[in-house]
Amino acid sequence: MNKIPFLLVLLCLFVGCSKDSEGAEPTTYNYFYPTDEASITAAQIGNGTGTLDPKGIAIANEKLYVANGDVLEVFNAVTLAHIKTITEYKKGTTTIPMAAITSVAVDKGRIYIGSRESRLFVIDETTNAGISVLGNGQWWQTFVHVFGVVVRDGLVFVKEKETSIKVFETTQITESSEWNLKPIAKLNTLNGFDQIYSMDIDAGNLVVAGRDAKGYLYYNIDAIKANAAQSLTEPIKPVTVPFDAKPIAVSFTKDWAITSENVGSNNYLRLYTKPDFMNRIFTASVNASDILGQNPFGSIVGVAQLNDRLFLSDNTNKKIRVLKLNKSVIAEQR
């Protein structure tokens, strides 16, 4: 028996080569996956004998800022070379040593540096000269510690101890402003104590990785402005939905909501398309607890992206993991 015609029929069934499908365009799918590219460790800082205890991170103008213990480290985000270590706030004759740095944000030429010592330092992005300090280091004053900061569209959001986020306007913070500025609004994070918190802003919403609330917390910025005065006595609560993981970090880029999440003993890098994420649809396009079965992630307390590079602040392993986000296009013949 000649088996060739039979095999050809089987082949056509598998590849869809019927007359009806001739000339039909294949359906394409984009598949994204991370691979290891590099890492930043303490060995790359100064003479290499110090430590790296990475917490919050931020990228601006091709510079990577890393909250590291009592200092802020600055790296070239393209070459990964160490640029400098910022150890103090200096303005005129005033010098304040930095301590217990938890978080960092960069916006419109300013760097905002959160300290567990109940201060928010604001310095010039180019010269690193001091602009102002919010808080005087006493926890019963402006802040009860600072565990997170994000700045966008003229607003400064500062996460402090327990369930409080205080909101300021950037115009309140000037060369001559006092340390004891009053917030224009307050937000309630539902649960919390003294953990590092990650936040970011997109599409008119502040989104907080609510690690203790076990969900992402959404606050509409227009609603915050409209209810600012009332929120000083009754802080605004977020919109949230039940979630099966503990969010640890969140950062928005052009296409993605980049997150880190914890489930039991596993730590995940998850990327969601922004439209889905902002609509609270949590179907991850990237869902990885390691890289191709190796090098499992530790606790990722900060995330950022520059071009096709993902930067993960892996506090467990005391390094910044630098991954490449790869894209493959899969065509399926109809």
Applying side-chain contact (heavy atoms from CB on, under 4.5 Å), run through Asp290 and Asn295 and close with a yes or a no. CA-CA 5 Å; Asp290 53 33; Asn295 300 325; 5.7 Å; no

What donor-acceptor contacts under 3.5 angstrom involve side-chain atoms of residues 240-247, with partners at least two apart or in another chain?
residue : atom : partner : partner atom : Å
Thr240  : OG1  : Tyr216  : O            : 3.0

Reference residue Ile224; test side-chain contact (heavy atoms from CB on, under 4.5 Å); the match among Ile184, Ile165, Leu187, Leu155: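 Of the listed residues Ile184, Ile165, Leu187, Leu155, the side-chain contact (heavy atoms from CB on, under 4.5 Å) partner of Ile224 is Leu187.
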
Distance-only, no hydrogens or angles: does the [X] side chain make a donor-acceptor pair with backbone N or O of [Y] under 3.5 Å?
X: Asn307; Y: Arg309; result: no
X: Lys159; Y: Glu162; result: yes
X: Lys274; Y: Thr253; result: yes
X: Gln294; Y: Ile291; result: no
X: Asn220; Y: Asp222; result: yes
X: Ser313; Y: Lys55; result: yes
X: Ser115; Y: Ala99; result: yes

Side chains of Thr259 and Val303: does their closest heavy-atom pair fall under 4.5 Å?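 Heavy-atom side-chain distance check fails, nothing below 4.5 Å.
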
Are Lys318 and Asp53 packed together at the side-chain level, in the sense that at least one heavy-atom pair is separated by less than 4.5 angstrom? yes

Criterion side-chain contact (heavy atoms from CB on, under 4.5 Å) on Val239 and Asn205, from CA distance to verdict: CA-CA 11 Å; Val239 174; Asn205 287 273; over 6 Å; no

Mutual orientation of the aromatic rings belonging to Tyr33 and Tyr31 [parallel < 30°, tilted 30-60°, perpendicular > 60°]: parallel

Plane angle bin for Phe282 and Phe277 - parallel if under 30°, tilted between 30 and 60°, otherwise perpendicular: perpendicular

Which atom names give the shortest non-hydrogen contact between [X] and [Y], and what distance separates them?
X: Ala77; Y: Phe311; result: O-CZ, 3.5 Å
X: Thr142; Y: Lys166; result: O-NZ, 2.6 Å
X: Thr102; Y: Val146; result: OG1-O, 2.8 Å
X: Leu269; Y: Ile258; result: CD1-CG2, 4.0 Å
X: Ala284; Y: Asn287; result: CB-CB, 4.3 Å
X: His82; Y: Val74; result: CD2-O, 3.6 Å

Side-chain donor-acceptor pairs under 3.5 Å in residues 207-215, sequence neighbours left out?
residue : atom : partner : partner atom : Å
Arg211  : NH1  : Ile196  : O            : 2.9
Asp212  : OD1  : Gln195  : NE2          : 3.4
Asp212  : OD2  : Tyr197  : OH           : 2.9

Output the distance between atom CD (Glu169) and atom CG (Leu181), rounded to the nearest 0.5 Å. 11.0 Å

Checking Asn47 against Thr49 for the side-chain hydrogen bond (donor to acceptor under 3.5 Å, both in side chains) test, could you report, in this order, the C-alpha distance in whole Å, the side-chain angles of both residues, the deciding distance, and whether it holds? CA-CA 6 Å; Asn47 61 11; Thr49 61; 2.6 Å; yes

Just do the side-chain contact (heavy atoms from CB on, under 4.5 Å) check on Arg119 and Phe143 with the steps written out, would you? CA-CA 7 Å; Arg119 282 190 170 110; Phe143 303 116; 6.0 Å; no

Checking salt bridge (Lys or Arg N to Asp or Glu O under 4.0 Å) for the pair Arg152/Asp200: CA distance, chi angles, key distance, verdict? CA-CA 9 Å; Arg152 191 77 51 81; Asp200 206 356; 3.0 Å; yes

Tell me whether the count of non-hydrogen atoms from other residues, nucleotides or ligands lying under 6.0 Å of NZ in Lys324 goes above 12. no

Atom CH2 of Trp139: over 12 foreign heavy atoms under 6.0 Å: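 At most 12 heavy atoms, drawn from other residues, nucleotides or ligands, come within 6.0 Å of this atom.
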
In chain order, what residues pass the ring pair (Phe, Tyr, Trp, His ring centres under 6.0 Å) check against Phe157, with sequence neighbours excluded? none

Taking the six-membered ring of Tyr218, is NZ or CZ of Arg280 closer than 6.0 Å to its centre and within 45° of its axis? yes

Please walk me through it: do Asn267 and Asn262 pass side-chain hydrogen bond (donor to acceptor under 3.5 Å, both in side chains)? CA-CA 5 Å; Asn267 299 290; Asn262 170 262; 3.2 Å; yes

Please test Ile111 against Leu72 for side-chain contact (heavy atoms from CB on, under 4.5 Å), starting from the C-alpha separation and ending with a verdict. CA-CA 10 Å; Ile111 304 173; Leu72 182 71; 4.2 Å; yes

Tell me the salt bridge (charged side-chain N to carboxylate O under 4.0 Å, His left out) pairs involving residues 172-190, sequence neighbours left out? Lys91-Glu175

Path from Phe121 to Ile173 over hydrophobic side-chain contacts below 4.5 Å: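 No.
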
Salt bridge (charged side-chain N to carboxylate O under 4.0 Å, His left out) partners of Lys237, counting only residues at least two apart: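 So Lys237 forms no salt bridge (charged side-chain N to carboxylate O under 4.0 Å, His left out) with any residue.
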
Audit row: Gln141, Asn136, side-chain hydrogen bond (donor to acceptor under 3.5 Å, both in side chains) steps and yes/no: CA-CA 7 Å; Gln141 298 287 347; Asn136 68 349; 5.2 Å; no

Salt bridge (Lys or Arg N to Asp or Glu O under 4.0 Å) evaluation trace for Asp124 with Arg110: CA-CA 5 Å; Asp124 183 89; Arg110 292 176 169 185; over 6 Å; no

Mind checking side-chain hydrogen bond (donor to acceptor under 3.5 Å, both in side chains) for Ser132 and listing every partner two or more places apart, or none if nothing turns up?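 By the side-chain hydrogen bond (donor to acceptor under 3.5 Å, both in side chains) rule, Ser132 matches Ser177.
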
